[in-house]
Engineer: 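Pasting in a structure now, in structure tokens, and then I'll have a few things to ask.
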Amino acid sequence: MENFIITIERGFGSKGKKIGKRLAHDFGIEFFEDSIAKRASEDSGINLDVFLKMEKTPRNGSVSRKLDFLYSGEIADYGFHMLSTENLYNHEAKVLRDYAANNSMIVMGLTGNMIFRDFPNALRINIQATDEAAVKEIKEYYGVNGVAAVALINEKNKFRRDFYKYFTGEDWLDGRFYDYVINTSNMTVDQCVHIIKMLLEEKLGR
């Protein structure tokens with residue numbers, strides 16, 4: 001099979017991460033999420049903590065004033081601009097794009113669908129679940145009650161929505177920026193993985 005990228009944006013409690021890791025395991029390919037910051041740090045020589053801070057800083061609904069600069073492949077390697085939020089983000093995007101030049105991979109979050117929006121072999125997926133299904137998943141996974149599960153879901157989804165908006169200027173749930181949106185509420189991980197594999201085959205024209 002030719003090289004491909006599967007990007008996954010997901011709601012908290014939608015089983016999206018489980019699905020992404022299963023796909024990576026089944027295909028024997030790299031799963032990119034937390035490892036992005038470490039690779040970007042090694043590639044750029046910038047301290048890992050700087051990248052981690054960029055990833056974890058709440059954006060609170062704001063939008064970058066430098067959207068035209070993002071995904072451009074342009075990296076500032078001097079002065080104040082070297083440590084700007086947008087430059088750090090571009091370093092991570094560069095690491096992903098460089099890796100994709102010769103390898104298949106799964107990209108979890110990180111606005112991967114926009115980073116690879118012009119890649120013909122990128123399958124861009126948004127995975128969501130109903131509130132009820134998400135609460136059930138979080139209660140079982142974390143061993144918390146319903147109130148705590150709802151609070152976790154709201155907190156995580158707000159962070160992801162705001163992160164996506166800051167670096168894209170777009171709505172995280174806007175289906176126009178994905179090839180497929182999948183509701184996992186009434187499906188198992190195995191069923192979702194099977195569906196995505198079939199969608200990938202169709203995408204690659206097999």
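Just so you know, residue 1 is the first one in the sequence shown, and it goes up from there.
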Engineer: Sort and list the pairs that fulfil salt bridge (Lys or Arg N to Asp or Glu O under 4.0 Å) and have at least one residue in residues 172-187, not counting sequence neighbours.
Structural biologist: R124-D179, D174-R176, D179-K203
Engineer: Any side-chain heavy atom of E30 within less than 4.5 Å of one from N103?
Structural biologist: no
Engineer: Enter the distance from E55:CD to F159:CZ here, rounded to the nearest 0.5 Å.
Structural biologist: 8.0 Å
Engineer: Evaluate whether atom OH of Y180 has more than 12 neighbouring non-hydrogen atoms of other residues, nucleotides or ligands under 6.0 angstrom away.
Structural biologist: yes
Engineer: Any chance you could measure D162, atom CG, to W172, atom CH2, to the nearest 0.5 Å?
Structural biologist: 10.0 Å
Engineer: Looking at every heavy atom in both L96 and F32, which two are closest together, and how far apart are they?
Structural biologist: CD2-CG, 3.8 Å
Engineer: Are any side-chain N or O atoms of R117 and backbone N or O atoms of F177, one a donor and one an acceptor, separated by less than 3.5 Å?
Structural biologist: no
Engineer: Does the side-chain contact (heavy atoms from CB on, under 4.5 Å) test come out yes or no for Y89 and S64, once each step is laid out?
Structural biologist: CA-CA 11 Å; Y89 173 89; S64 170; over 6 Å; no
Engineer: Classify the side-chain pair E86/Y166 by whether it contains a donor and acceptor separated by less than 3.5 Å.
Structural biologist: yes
Engineer: Say whether, by atom type as modelled, one donor and one acceptor occur between the side chain of K156 and the main chain of G13 under 3.5 angstrom.
Structural biologist: no
Engineer: Evaluate the criterion side-chain contact (heavy atoms from CB on, under 4.5 Å) for residue pair R160 and E9; output intermediate values, then yes/no.
Structural biologist: CA-CA 9 Å; R160 292 172 183 177; E9 294 289 337; 5.7 Å; no
Engineer: Is it possible for you to say whether Y99 and L48 belong to one hydrophobic cluster, with membership spreading through side-chain heavy-atom contacts below 4.5 Å?
Structural biologist: no
Engineer: Using a strict 4.0 Å threshold on nitrogen-to-oxygen distance, state whether D43 and R39 make a salt bridge.
Structural biologist: no
Engineer: Restricting to side-chain hydrogen bond (donor to acceptor under 3.5 Å, both in side chains), what partner residues turn up for R161, sequence neighbours left out?
Structural biologist: none
Engineer: Taking 4.0 angstrom as the limit, do E42 and K38 come out as a salt bridge?
Structural biologist: yes
Engineer: Answer yes if the side chains of E2 and N121 hold a donor-acceptor pair under 3.5 Å, and no otherwise.
Structural biologist: yes
Engineer: What distance do I127 atom CD1 and I182 atom CD1 have between them, rounded to the nearest 0.5 Å?
Structural biologist: 5.5 Å
Engineer: Take the angle between the ring planes of F167 and F163 and call it parallel below 30°, perpendicular above 60°, tilted in between.
Structural biologist: tilted
Engineer: Quick check for you: to the nearest 0.5 Å, what is the distance between I29 atom CD1 and M105 atom CE?
Structural biologist: 9.0 Å
Engineer: In terms of heavy-atom contacts, does CG of N186 have more than 12 from other residues, nucleotides or ligands at under 6.0 Å?
Structural biologist: no
Engineer: For the atom pair CZ (R59) and OG1 (T57), what is the distance rounded to the nearest 0.5 Å?
Structural biologist: 5.0 Å
Engineer: Report the C-alpha separation of E140 and K136 in whole Å, then their side-chain angles, then the decisive distance to 0.1 Å, and conclude whether the salt bridge (charged side-chain N to carboxylate O under 4.0 Å, His left out) test is met.
Structural biologist: CA-CA 6 Å; E140 292 176 355; K136 181 175 183 293; 2.8 Å; yes
Engineer: Any donor-acceptor pair under 3.5 Å linking the side chain of S104 with the backbone of I5?
Structural biologist: no
Engineer: Do you know which two heavy atoms are closest between K139 and A149, and how far apart they sit?
Structural biologist: CG-CB, 3.8 Å
Engineer: Examine V189 and I106 and state if one hydrophobic cluster contains both, with Ile, Leu, Val, Met, Phe, Trp and Tyr joined whenever side-chain heavy atoms are less than 4.5 Å apart.
Structural biologist: yes
Engineer: Minimum heavy-atom separation for H91 to S44, with atom names?
Structural biologist: CE1-CB, 3.4 Å
Engineer: To check you understand the geometry: which heavy-atom pair defines the closest contact between Y178 and N113, and what is its length?
Structural biologist: CE2-ND2, 3.5 Å
Engineer: At what distance, to the nearest 0.5 angstrom, does CD1 of I36 lie from CG of L52?
Structural biologist: 12.0 Å
Engineer: Same hydrophobic cluster for I125 and L204, using side-chain heavy-atom links shorter than 4.5 Å among ILVMFWY?
Structural biologist: yes
Engineer: Between S185 and N183, do the side chains contain a donor N or O and an acceptor N or O under 3.5 Å apart?
Structural biologist: yes
Engineer: Looking at S14, is its backbone amide N or carbonyl O close enough to the side chain of T184 to form a donor-acceptor pair, meaning the two atoms are under 3.5 Å apart?
Structural biologist: yes
Engineer: Would D26 and R22 pass as an ion pair if we require N to O under 4.0 Å?
Structural biologist: no
Engineer: Does F12 share a hydrophobic cluster with F31, counting links as ILVMFWY side-chain heavy atoms below 4.5 Å and allowing steps through other members?
Structural biologist: no
Engineer: Restricting to non-hydrogen atoms, name the atom on L23 and the atom on I8 that form the minimum distance, rounded to 0.1 Å.
Structural biologist: CD1-CD1, 4.4 Å
Engineer: Following the transitive rule for hydrophobic clusters with a side-chain heavy-atom cut-off under 4.5 Å over Ile, Leu, Val, Met, Phe, Trp and Tyr, establish whether M108 and L199 coincide in one cluster.
Structural biologist: yes
Engineer: Of all residues at least two apart in sequence or in a different chain, which pass the side-chain contact (heavy atoms from CB on, under 4.5 Å) check with D131?
Structural biologist: none
Engineer: Before giving the answer on side-chain contact (heavy atoms from CB on, under 4.5 Å), spell out for L83 and N87 the whole-Å C-alpha distance, their side-chain angles and the decisive distance to 0.1 Å.
Structural biologist: CA-CA 6 Å; L83 298 181; N87 200 56; over 6 Å; no
Engineer: Any side-chain to backbone donor/acceptor pair from N3 onto N102? Under 3.5 Å, distance only.
Structural biologist: yes
Engineer: Would V193 and K197 count as a side-chain contact (heavy atoms from CB on, under 4.5 Å) here? Give the steps.
Structural biologist: CA-CA 6 Å; V193 167; K197 287 179 178 178; 3.6 Å; yes
Engineer: Can you classify the ring geometry of F4 versus F27 as parallel (below 30°), tilted (30 to 60°) or perpendicular (above 60°)?
Structural biologist: perpendicular
Engineer: Should E33 and R10 count as an ion pair when the cut-off is N to O under 4.0 Å?
Structural biologist: yes
Engineer: State, to 0.1 Å, how close F51 and A40 come at their nearest heavy-atom pair, and which atoms those are.
Structural biologist: CE2-CB, 3.6 Å
